[in-house]
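Each remark here refers to the structure printed beneath this line.
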Amino acid sequence: MAVTDRPPVARATLDPLLSDRLRFWSLISMVLLVYVHAFNLHPRYLHPMTLVEEPASPATVVQYLLANGLLRFRIPMLFAISGYLFALRDEAGVSHWTRVSRRLRTLGVPYVAWSAIALAITWALEQWAVTRGWVVSASLSPFGPEKALLRDHTVGDVASRWLFVPAA
């Protein structure tokens, strides 16, 4: 039997009503994700104990309430939908680790590659005085102003920035 002549695999089918609901909540979550990333207040993301730096107005209160509070369900919702659909396509005879390794290859390799490209672009921008000022003023480094440039990072910092805190 050739590789392409595999026997058909019995897969669970998705109910049309459930499919419509998943599409609806995916759309809502994506629209809210775009809204949260599009708001223009500073600081963009509030951590616990972070003070709001914008002057108080109805617009800032609504933006902070929505982006840093009420709309936090959007990413868990997308993860839940993705996990459900991943589990629904459970193939007979294929181990869970095979499926996970396939998913890591299709998601992990582009993540690592794109993160390396972003670090290379950041490094290239640091080579000229004008663009170096842009990098410093944009506060791209997650390690604070004392390590604002890549040349100030240790090897561990660069690896951490490459794999865990990629450049914006």
Side-chain angles (χ1 to χ4, degrees), residues 1-39 43-48 66-68 70-127 131-132 134-136 138-144 147-168:
M1 182 182 301
V3 175
T4 57
D5 297 335
R6 286 189 241 168
V9 177
R11 293 185 177 149
T13 59
L14 194 58
D15 177 43
L17 180 61
L18 180 59
S19 175
D20 289 343
R21 288 178 179 174
L22 292 177
R23 285 176 189 237
F24 171 77
W25 284 111
S26 294
L27 175 67
I28 294 298
S29 296
M30 288 185 275
V31 168
L32 296 179
L33 183 69
V34 169
Y35 170 77
V36 167
H37 284 109
F39 90 112
R44 296 185 54 78
Y45 180 81
L46 292 180
H47 296 281
L66 292 176
N68 290 307
L70 297 178
L71 302 183
R72 291 274 176 146
F73 73 91
R74 69 201 182 279
I75 298 299
M77 178 71 71
L78 289 171
F79 271 97
I81 291 169
S82 177
Y84 178 79
L85 294 173
F86 182 68
L88 186 70
R89 290 189 45 103
D90 203 7
E91 300 172 12
V94 177
S95 73
H96 177 70
W97 295 112
T98 303
R99 293 174 56 224
V100 169
S101 67
R102 209 175 342 174
R103 184 60 57 101
L104 281 175
R105 189 173 56 247
T106 59
L107 294 176
V109 171
Y111 172 82
V112 170
W114 186 249
S115 185
I117 290 168
L119 276 177
I121 291 170
T122 303
W123 177 83
L125 289 172
E126 292 176 4
Q127 301 309 306
T131 55
R132 185 180 312 121
W134 295 347
V135 171
V136 171
S139 301
L140 294 179
S141 174
F143 304 115
K147 292 184 177 181
L149 300 173
L150 283 174
R151 68 176 177 214
D152 301 329
H153 290 23
T154 64
V155 173
D157 291 341
V158 172
S160 171
R161 191 148 174 213
W162 176 36
L163 299 173
F164 303 113
V165 189

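Positions are given from 1 along the sequence. These numbers come from the heavy atoms of this one structure, side chains and all, not from hydrogens, waters or symmetry mates.
The nearest pair of heavy atoms linking V36 to A67 is CG2-CA, 3.9 Å. The minimum heavy-atom distance linking L119 with L150 is given by the pair O-CD1, 3.5 Å. For E126 against R151, the heavy-atom pair with the smallest separation is OE1-N, 3.9 Å. Considering every non-hydrogen atom in both A148 and V136, the closest pair reads CB-CG2, 4.2 Å.
Note on residues 158-168: no pairs pass salt bridge (Lys or Arg N to Asp or Glu O under 4.0 Å), not counting sequence neighbours. Pairs engaging residues 76-87 under the salt bridge (Lys or Arg N to Asp or Glu O under 4.0 Å) rule: none recorded [sequence neighbours left out]. Contacts classified as side-chain hydrogen bond (donor to acceptor under 3.5 Å, both in side chains) and involving residues 110-125 (residues at least two apart or in different chains) are not found. The list of salt bridge (Lys or Arg N to Asp or Glu O under 4.0 Å) pairs with a residue in residues 19-33, not counting sequence neighbours, is empty. Listed by first and then second residue, the ring-ring contact (aromatic ring centres under 6.0 Å, His included) pairs involving residues 147-168 are F143-H153 (not counting sequence neighbours). Contacts classified as salt bridge (Lys or Arg N to Asp or Glu O under 4.0 Å) and involving residues 106-115 (residues at least two apart or in different chains) are not found.
Here I75 contributes atom CD1 and M77 contributes atom CE; the two are 11.5 Å apart, rounded to the nearest 0.5 Å. Atom CD of Q127 sits about 9.5 Å away from atom CG of L149, to the nearest 0.5 Å.
Every residue meeting the side chain to side chain donor-acceptor pair (under 3.5 Å) condition with T154, not counting sequence neighbours, appears here in chain and number order: D157. Taking T98 as the reference, S95 meet the side chain to side chain donor-acceptor pair (under 3.5 Å) condition, with sequence neighbours excluded. Taking R74 as the reference, nothing meets the side chain to side chain donor-acceptor pair (under 3.5 Å) condition, with sequence neighbours excluded. Checked against side-chain contact (heavy atoms from CB on, under 4.5 Å), L107 has the following partners two or more places apart in sequence or in another chain: R103. With sequence neighbours left out, T131 forms a side-chain contact (heavy atoms from CB on, under 4.5 Å) with L125, W128, W134.
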Acceptor/donor pairs from residues 24-32 side chains to any protein atom, 3.5 angstrom cut, sequence neighbours excluded:
residue, atom, partner, partner atom, Å
S26, OG, L22, O, 2.8
S29, OG, W25, O, 2.9

